[in-house]
Protein chains: 2
Amino acid sequence: MEFKEAKNKFVQTWGALGSQWGINKTMAQIHALLMVSHEPVSMEDIMEELQISRGNASMNLRALMDWGIVYKEYKAGERREFFTAEKDLDELAVKISRERSKREIKPALKVLKEVSSIQSDNTEAEKHFVDQTTKLYDFVLKADNVLDKITEYKDNWLAKLVVKIMK
Amino acid sequence: MEFKEAKNKFVQTWGALGSQWGINKTMAQIHALLMVSHEPVSMEDIMEELQISRGNASMNLRALMDWGIVYKEYKAGERREFFTAEKDLDELAVKISRERSKREIKPALKVLKEVSSIQSDNTEAEKHFVDQTTKLYDFVLKADNVLDKITEYKDNWLAKLVVKIMK
DNA sequence: ACAAACTTTCATTTTTTTTTGAAAGTTTAA
DNA sequence: TTAAACTTTCAAAAAAAAATGAAAGTTTGT
């Protein structure tokens, strides 16, 4: 396999993985492309390499910057903008965790708390509902807190976790 | 808020959360419904409660059973089939992790290994590609192994992890 | 202030994913 | 063996998500 082929395969795979985890394919592909590029890439080049429209490129780059995992760069004497990806994988994991927690888990927790707080009558069905949603709330809250803590370590959290777990 | 409303809100929220994580909405909704039901539910009732077609119910129940988080139950003297969800949250997390690892992470790892193994020429671009994909491979492999190890604990792995992390 | 060079927005189109429902399949009981 | 009661399958339809591209917006240099 040669370079170009390998690069393309990587971009496609990363895109597919993104889709499976609820991240739009193009967004994941742009991220993949930037991660393996050793120097900043212009929007024009991204459009060319991924064969996508200007609008698509623009919107997905914006989204990636909102996630904090892609940065704009300005080159001296160049009018157009270039982009780079966060390449430190610990940092990348931390940022993705934070965003998903903020956008998806926290709101879900709020609902779980609400619905588990109905005062249950005496029916079996209601008792079970309150019991199960309360357990779910506790579980998700705990998991979310672990994520928080883990990502506080920031540097090399995964390696440190490995040591703790594998021992 | 009363029971019926709370139950509906929970089902909708779980469905939305599923979508955001790449799980089809109906599948997540059926799972939510079964999780908070204190007794087995028939396909007829699922269709009725979620307002979905027979085919949809059938296919998503099959998928949930393939994931190992929903079970068929037979009631004595009843022709039709009933369904229950895995209600132990540790067990649920373990099963979901295992499936996602098997279906999505392992195949991605295989590709990462392939593409990071091209013998790089001397260009900066190729060196960076090999370096970055190698790092990514190592990172994902390690994370996947941690998941494996964690879920081997099985009982109360989250609580045990909390102790390790928070200390 | 102007215009060139570039980026963003968003209504419309395209693609992808999900859902439907009717036909085919299965199981059970008589 | 037949038929009733139920489930599964899958081609077609519908819905949802993503992509396009042209117009509007912005920035920079003169």
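Labels below follow one simple rule: chain letters A, B, ... track the order of the sequence lines, proteins then strands, and each chain is numbered from 1.
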Nucleotide [N], atom [atom2] - distance to [atom1] of [X] in whole Å:
{"X": "B:F82", "N": "D:dT7", "atom1": "CZ", "atom2": "C1'", "value": "14 Å"}
{"X": "A:R62", "N": "C:dT9", "atom1": "CZ", "atom2": "P", "value": "6 Å"}
{"X": "B:L61", "N": "C:dT20", "atom1": "CG", "atom2": "C1'", "value": "16 Å"}
{"X": "B:M43", "N": "D:dT8", "atom1": "CE", "atom2": "P", "value": "6 Å"}
{"X": "A:E48", "N": "D:dT20", "atom1": "CD", "atom2": "P", "value": "13 Å"}
{"X": "B:M59", "N": "C:dT18", "atom1": "CE", "atom2": "P", "value": "11 Å"}
{"X": "B:K25", "N": "D:dA16", "atom1": "NZ", "atom2": "P", "value": "6 Å"}
{"X": "B:E78", "N": "D:dC6", "atom1": "CD", "atom2": "P", "value": "8 Å"}

> Just how far is it from atom CH2 of B:W157 to atom NZ of B:K149, taken to the nearest 0.5 Å?
Replying inline: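 Here the interatomic distance stands at 15.5 Å.
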
Nearest to the [X] side chain among [options], which nucleotide is it?
{"X": "B:R80", "options": "D:dT7, C:dC10, C:dT8", "result": "D:dT7"}
{"X": "B:N24", "options": "D:dT9, D:dA18, C:dT18", "result": "C:dT18"}
{"X": "A:T26", "options": "D:dA18, C:dC6, D:dT7", "result": "D:dA18"}
{"X": "A:S53", "options": "D:dG21, C:dC10, D:dT8", "result": "D:dG21"}

Lys/Arg-Asp/Glu bridge criterion (N-O < 4.0 Å) met for [X], [Y]:
{"X": "B:D131", "Y": "B:K135", "value": "yes"}
{"X": "A:R80", "Y": "A:E78", "value": "yes"}
{"X": "B:K142", "Y": "B:D138", "value": "no"}

>> Closest-nucleotide mapping onto DNA chain C: is A:R79 or A:N56 further toward the 5' terminus? I mean the 5' end.
In response: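 Whichever sits nearer the 5' end wins; that is A:R79.
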
> How do B:A57 and A:E44 order along DNA chain C: which one's closest nucleotide is nearer the 5' end?
Replying inline: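 Closer to the 5' end of DNA chain C: A:E44.
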
> Is there a side-chain polar atom (N or O) of A:K72 under 4.0 Å from OP1 or OP2 of C:dC6?
Replying inline: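 Checking C:dC6 against A:K72, no side-chain N or O comes under 4.0 Å of OP1 or OP2.
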
>> Please evaluate residues A:H128 and B:K87 with respect to the criterion side-chain contact (heavy atoms from CB on, under 4.5 Å), reporting the C-alpha separation (whole Å), side-chain torsions for both, the decisive distance (0.1 Å), and the verdict.
In response: CA-CA 11 Å; A:H128 181 265; B:K87 276 165 194 149; 3.7 Å; yes

